[in-house]
Amino acid sequence: MIELKSDEETVYDRLPGEMPPVAKLIGWTLLRLDKEAQAIHLSFEPAAEFVNPSGTVHGGFVTAMLDECMGSAVVGLHEAQFLPVTVSMSTDFIRAVPVEKVFSEGRITSMNGRSAFLEARLMDAQEQTLARATGVYRLLHWPEAFAPVPPS
């Protein structure tokens, strides 16, 4: 299982306002930023309301978690210089996602100009891959109203 982040401040601690509603809904929690590896580690807490008829997390919510992981990698690893907007995304559903805390790793594979290419995987507590995704994101200018406060 992935360790919790240290008390080191990140750009997420310096963003004004509340956490985005979608991040709250899916239980987004930052575990670690790894700038050297260009990776982010998160956990998510799916709600009981996210289940499909088989009692596991619906694929739309799984996709939302992977999308948030990839977009958060751009924001966190590049100090909110860019607002990533999903252009395309491909998701592979490998195992059913249980209604319990799950973990993710998102990685920037390439950034050039106004585009970023990312990959992410969703894992259970035993680090078995449940789903994976790749995505292409358009990099917009971060809105000034949402810009992070300079480091303390």
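Numbers here simply count residues along the sequence, with the first being 1. Given the structure is predicted, the values throughout are model-derived calculations rather than measurements.
- No path of Ile, Leu, Val, Met, Phe, Trp and Tyr side chains, each step under 4.5 Å between heavy atoms, connects V74 with V22, placing them in separate hydrophobic clusters.
- Grouping Ile, Leu, Val, Met, Phe, Trp and Tyr residues whose side-chain heavy atoms lie under 4.5 Å apart, directly or via other members, leaves I94 alone, with no other cluster members.
- For the residue pair L31 and F103, the shortest heavy atom distance occurs at CD1-CD2, 3.7 Å.
- The cluster map of Ile, Leu, Val, Met, Phe, Trp and Tyr, joined by side-chain heavy atoms under 4.5 Å apart, puts V75 and L140 in the same cluster.
- Between the OG atom of S43 and the CD atom of E100 there is a distance of 12.5 Å, given to the nearest 0.5 Å.
- When all heavy atoms of A73 and Y12 are compared, the closest pair comes out as N-OH, 4.4 Å.
- For E79, the side-chain hydrogen bond (donor to acceptor under 3.5 Å, both in side chains) criterion is met by R14, K35, not counting sequence neighbours.
- Atoms CG and CG, on L30 and L42 in that order, are 6.0 Å from each other to the nearest 0.5 Å.
- R95 meets the side-chain hydrogen bond (donor to acceptor under 3.5 Å, both in side chains) test with Q128; sequence neighbours excluded.
- A search for side chain to side chain contact (heavy atoms under 4.5 Å, CB included) contacts involving F117 returns T109, S110, N112, S115, V136, not counting sequence neighbours.
- When all heavy atoms of I108 and L118 are compared, the pair lying nearest together is CG1-CD2, 3.6 Å.
- With sequence neighbours excluded, the residues that form a side chain to side chain contact (heavy atoms under 4.5 Å, CB included) with A133 are L66, M70, M89, T91.
- Among all heavy-atom pairs drawn from A80 and L15, the shortest one is CB-CD2, 4.1 Å.
- Taking CZ of R121 as the reference point, atom OG1 of T129 lies at 4.0 Å (rounded to 0.5 Å).
- Considering D124, T56, V102 in turn, V102 is the only one that fulfils the side-chain contact (heavy atoms from CB on, under 4.5 Å) rule with V97.
- Around atom CZ of F146, no more than 12 heavy atoms belonging to other residues, nucleotides or ligands sit under 6.0 Å away.
- For P21, there are no side chain to side chain contact (heavy atoms under 4.5 Å, CB included) partners at least two apart in sequence or on another chain.
- The stretch residues 16-27 participates, sequence neighbours left out, in these salt bridge (Lys or Arg N to Asp or Glu O under 4.0 Å) pairs: E18-K24.
- Nearest approach of P46 to V99, heavy atoms of both residues: O-CG1, 3.6 Å.
- Of all heavy-atom pairs between Y137 and D67, the closest is OH-OD1, 2.6 Å.
- Each ring pair (Phe, Tyr, Trp, His ring centres under 6.0 Å) pair with one or both residues in residues 59-82, not counting sequence neighbours, appears once here: F50-F61.
- Residues satisfying the side-chain hydrogen bond (donor to acceptor under 3.5 Å, both in side chains) test with S88, not counting sequence neighbours, are none.
- A distance of 14.5 Å separates OG1 of T134 from CZ of R107, quoted to the nearest 0.5 Å.
- For the atom pair L83 CG and H141 NE2, the distance stands at 11.0 Å (nearest 0.5 Å).
- For A23, the side chain to side chain contact (heavy atoms under 4.5 Å, CB included) test picks out M19, P20, W28, E68, with sequence neighbours left out.
- Sorted by first and then second residue, the pairs that involve residues 129-144 and meet salt bridge (Lys or Arg N to Asp or Glu O under 4.0 Å), not counting sequence neighbours, are D92-R132.
- The NZ atom of K101 sits 5.0 Å away from atom CD of E45, with the distance rounded to the nearest 0.5 Å.
- Looking at residues two or more places apart in sequence or on another chain, you find no salt bridge (charged side-chain N to carboxylate O under 4.0 Å, His left out) involving E49.
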